[in-house]
> 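Pasting in a structure now, in structure tokens, and then I'll have a few things to ask.
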Amino acid sequence: GDVVTAIDGTSTLDAADPLSLLLGKAGKQVLLAVKTKAGKTREVVAKPITEQAAADLRYREWEYTRRLEVD
């Protein structure tokens, strides 16, 4: 339900593609401005991961959920 409104001080609305603001930042800390459902904005420090790491996580989650179904 939360929305990322800025990445490292650059508004996501100012970018043609908000993901472009994360290019080359895998493994490095970035500052995110996040707007909550209640309308409050807070800042969060995050460390993006590579596309391959994201794919690995999705696959591990898929394996885990299938294992739970079998059990």
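Side chains included, hydrogens not; waters and symmetry mates left out as well; all remaining heavy atoms used. Predicted model only: the values in this text are computed from it and were never measured.
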> Can you name the nearest heavy-atom pair linking Lys37 to Asp2, along with the distance?
N-OD1, 3.8 Å

> Let me check something: do Ile49 and Val30 share a hydrophobic cluster, defined by ILVMFWY side-chain heavy atoms less than 4.5 Å apart, either directly or through other members?
no

> Nearest 0.5 Å, what's the CD-CG distance between Gln52 and Leu57?
10.0 Å

> Can you tell me if CD on Gln29 sees more than 12 non-hydrogen neighbours from other groups inside 6.0 Å?
no

> Within the supplied structure, the quantity of interest is the number of heavy atoms (other residues, nucleotides, ligands) at a distance under 6.0 Å from Glu69 CD; does it exceed 12?
yes

> List in chain and number order the residues that pass ring pair (Phe, Tyr, Trp, His ring centres under 6.0 Å) with Tyr59, two or more places apart in sequence or in another chain; answer none if no residue qualifies.
Trp62

> Distance from Arg66 atom CZ to Glu61 atom CD, nearest 0.5 Å?
7.5 Å

> If we only count heavy atoms from C-beta on, is the Thr36 to Arg42 side-chain gap below 4.5 Å?
yes

> Got a list of side-chain donor-acceptor pairs under 3.5 Å for residues 3-18, not counting sequence neighbours?
from	atom 1	to	atom 2	distance (Å)
Thr5	OG1	Ala33	O	3.1
Asp8	OD1	Leu31	N	2.8
Asp8	OD2	Lys25	NZ	2.7
Ser11	OG	Leu13	N	3.1
Thr12	OG1	Val4	O	3.3
Thr12	OG1	Thr5	O	3.2
Asp17	OD1	Leu19	N	3.3

